[in-house]
There are 2 protein chains.
Amino acid sequence: MDVSPDNMPDNDVKTRKPRAPNSPPISGRATATGRAARNSEIVYRDLRDDIMNVALAPGAPILEKEVTERYGISRTPVREAILRLAEERLVNVFPKSGTFVSRIPVSELREAIVARKALEEVCVREATAKASKSRLMELRAIVQREQELAENGDEHAFHDADNAFHSGIAAAAGYPGIWTMIEKIRIQVERYRRLTLPQKGRMQLVVSEHSAVLDAIETGDGDAAVAAMMSHLNKLQIDIGTFQELWPDYFLFDEQRTQP
Amino acid sequence: MDVSPDNMPDNDVKTRKPRAPNSPPISGRATATGRAARNSEIVYRDLRDDIMNVALAPGAPILEKEVTERYGISRTPVREAILRLAEERLVNVFPKSGTFVSRIPVSELREAIVARKALEEVCVREATAKASKSRLMELRAIVQREQELAENGDEHAFHDADNAFHSGIAAAAGYPGIWTMIEKIRIQVERYRRLTLPQKGRMQLVVSEHSAVLDAIETGDGDAAVAAMMSHLNKLQIDIGTFQELWPDYFLFDEQRTQP
DNA sequence: GTAAAATATCTTGTATACTAGTTATACAAA
DNA sequence: TTTGTATAACTAGTATACAAGATATTTTAC
């Protein structure tokens, strides 16, 4: 375009240059931390967590003004947070009307599970091929931690450890970016999972399944590792019908996308 | 939280209710078109396209003010557009300093290609299993169109048709949402592809590869279809080293993520 | 002449005022 | 009582003003 900052020879006249920002993002830059303590980030995380925990139920309204007053900040950062949520399809913004927590779209849910399985399969296969001993020890430690948390019944911490296990496999495979993608997909599935989670003995089952996956990885049997992981992830596909009865208006069955 | 709009019995006193927004996003809603003509959307798409076309080169600064004046709008919608780009890692925002088009991170690039292959594999396999005759005819028409565009040398239209083919396969598989995910991944790869695209005879090669994929789908051979698709997508993995020489500062080699 | 400090000016982040559109409510008429 | 309409209140989108920090330039000391 007509920006042309460092293409033009700017060394002929020194005093006239109106301070074109000729500081591109240099590699080893100290201030590359970027958005660390931005208010919109805090609001975003809080709202996202509330939505994922179903503390904010699907269909519930989100009032900019209420959030504004709760945090004691202005509309601008709140609005940024809501826009991020809208992109992730966690909320629906109706232009001059209101913002609401989105309902769980079952068709997307199905696809999200399929996509996650595809990505986790790649990760676990690659992890089997090239995981270092230390990585395996880390993963085993996570499984052990899960065991302890399951015994204590600490659901929240167990949930974190669960994530750490899957994240660790992606890291062992050398695919941290793919784990980022899985996490984005997981956001969609998480609300559904939170509704179905409080089943007795579920944590113990997860521990044994994780352990089986790790066993296969350690023996270097890629196919077995993939099979164990698929078996594990298939547990997500409990039939949605039963939960449809419990929370009828939490789910959305037709397609009707809001943004093309 | 303390919103509680339609949970409270609001039918006792009629005149005092301060218009709590008791209109959740009803399913069959007419105004569900949502963001149609929003300025931030226009700016976002234009900037994104410019970045993907490498018209805005990696490292180039993006000045809110310049965009503001170009579109004749205020900073707010421009800012929203830039924030969306920042989430997709197409730009880097340095808080009180400036915004720059991000460099192409080669490690993420590698992972993006792996992820795309995993997702496309699922799509093409499922499409082979359950594509209707009409879907197959549509896909064949797209391939034919690609052939014609390749002969005419219309690179831009060919690019669209290319996307339509992959999108069509996802649709045939019943996974339109997965295509959305692939598109998000594709954004990252697209810039690299645009740099490597102008190779002679590339379009003709793509046509034949697409045709091979479709042949396998039509015969119902899932494994062959997957193999053909993988062979097609592997073409993306040309060694990056050669292009590193041509555009040394377009790529980023170390990790250094900006947002945790 | 060199280097360091001061200053000017740019950048993005935030707050607030205003606009335009939507929905609920009140009210009137049948 | 029901139905249509007017109005009032609330919504998100936008514009603009201000604040805080960073970089480039200028100035000053030596």
Side-chain angles (χ1 to χ4, degrees), chain A residues 3 5-6 10-11 13-26 29-44 61-69 71-83 85-86 91-100 258, chain B residues 3 5-6 10-11 13-26 29-44 61-69 71-83 85-86 91-100 258:
Chain A
V3 179
D6 41 4
D10 55 344
N11 48 357
V13 181
K14 284 192 72 171
T15 71
R16 201 179 41 79
K17 190 172 60 168
R19 198 245 183 228
N22 47 6
S23 63
I26 303 158
R29 182 158 173 154
T31 58
T33 57
R35 47 173 71 176
R38 279 172 49 218
N39 286 335
S40 64
E41 184 75 16
I42 299 169
V43 175
Y44 164 75
I62 296 180
L63 293 91
E64 282 187 3
K65 194 183 173 190
E66 189 271 337
V67 180
T68 283
E69 291 167 353
Y71 286 87
I73 58 179
S74 79
R75 274 185 63 203
T76 307
V78 174
R79 199 172 149 65
E80 287 177 4
I82 288 175
L83 285 173
L85 295 170
V91 304
N92 292 111
V93 178
F94 294 86
K96 297 285 173 57
S97 172
T99 300
F100 304 88
T258 51
Chain B
V3 179
D6 42 3
D10 56 344
N11 47 357
V13 181
K14 285 192 74 173
T15 72
R16 199 178 43 79
K17 190 170 60 168
R19 198 248 181 223
N22 46 7
S23 64
I26 302 160
R29 186 160 171 150
T31 57
T33 57
R35 45 172 73 177
R38 277 171 53 217
N39 285 337
S40 65
E41 185 75 17
I42 298 169
V43 175
Y44 163 74
I62 295 181
L63 293 92
E64 283 185 3
K65 195 183 174 191
E66 189 271 337
V67 180
T68 283
E69 291 167 354
Y71 286 87
I73 58 180
S74 80
R75 274 186 61 203
T76 307
V78 173
R79 201 173 147 63
E80 286 177 5
I82 289 176
L83 285 173
L85 295 170
V91 304
N92 292 111
V93 178
F94 294 86
K96 299 284 172 59
S97 172
T99 300
F100 305 88
T258 52

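So you know, we letter chains A, B, ... as the sequences are listed, proteins then strands, and number each from 1. Note that the coordinates shown come from a computational prediction; the quantities given were computed from them, not determined experimentally.
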Practice task
Heavy atoms only: give me the nearest Tyr44(B)-Ala81(B) pair and the separation to one decimal.
Solution key: N-CB, 3.5 Å

Exercise for the section: Starting from P on dA12(D), measure out to CZ on Phe100(A) and report it in whole angstrom. Expected result: 8 Å

Practice task
Report which part of the nucleic acid Thr99(B) touches: base, sugar-phosphate, or nothing (heavy-atom distance under 4.0 Å, all strands).
Solution key: sugar-phosphate

Completion exercise
Rounded to whole Å, CD of Glu41(A) lies from C1' of dT14(C) at a distance of 16 Å

Practice task
May I have the distance from Phe94(A) (atom CZ) to dA20(C) (atom C1'), rounded to whole angstrom?
Solution key: 19 Å

Practice task
Look at all strands and tell whether Ile82(A) reaches a base, only sugar-phosphate, or nothing, counting heavy atoms closer than 4.0 Å.
Solution key: nothing

Practice task
Provide, to the nearest angstrom, the distance between the NZ atom belonging to Lys96(B) and the P atom belonging to dA19(D).
Solution key: 13 Å

Handout entry: Shortest non-hydrogen separation from Val78(A) to Val43(A) and the atoms involved
Key = CA-CG1, 4.5 Å

Write out a two-atom table: protein N or O, nucleotide N or O from nucleotides 15-18 of chain D, distance below 3.5 Å.
from, atom 1, to, atom 2, distance (Å)
dA15(D), OP2, Ser74(B), N, 2.7
dA15(D), OP2, Ser74(B), OG, 2.8
dA15(D), O5', Ser74(B), OG, 3.4
dA15(D), N7, Thr76(B), OG1, 2.8

Fill in the blank from the handout: Correct closest heavy-atom pair for Pro77(B) and Ser40(B) would be O-CB, 3.4 Å

Handout entry: d(CD, Glu80(B); P, dT12(C)) in whole Å
Key = 15 Å

Handout entry: Non-hydrogen side-chain atoms of Ile62(B) and Ile82(B) separated by less than 4.5 Å
Key = yes

Handout entry: Whole-Å distance separating the CG atom of Leu63(B) from the C1' atom of dT9(C)
Key = 13 Å

Practice task
Starting at atom NZ of Lys65(B), determine the distance to atom P of dT9(C), rounded to an integer number of angstrom.
Solution key: 12 Å

Exercise for the section: Rounded to the nearest 0.5 Å, what's the gap from CZ on Arg79(B) to CG on Leu83(A)? Could you check? Expected result: 11.0 Å

Handout entry: Axis-to-axis angle between the two ends of the helix from dG1(C)-dC30(D) to dA30(C)-dT1(D) (five base pairs per end, rounded to 10 degrees)
Key = 20°

Handout entry: Gap between atoms CZ and P, on Arg79(A) and dT11(D) respectively (whole Å)
Key = 14 Å

Problem - Spatial distance of atom CD1 (Ile73(B)) from atom CG (Asn39(B)) [nearest 0.5 Å] - result: 5.0 Å

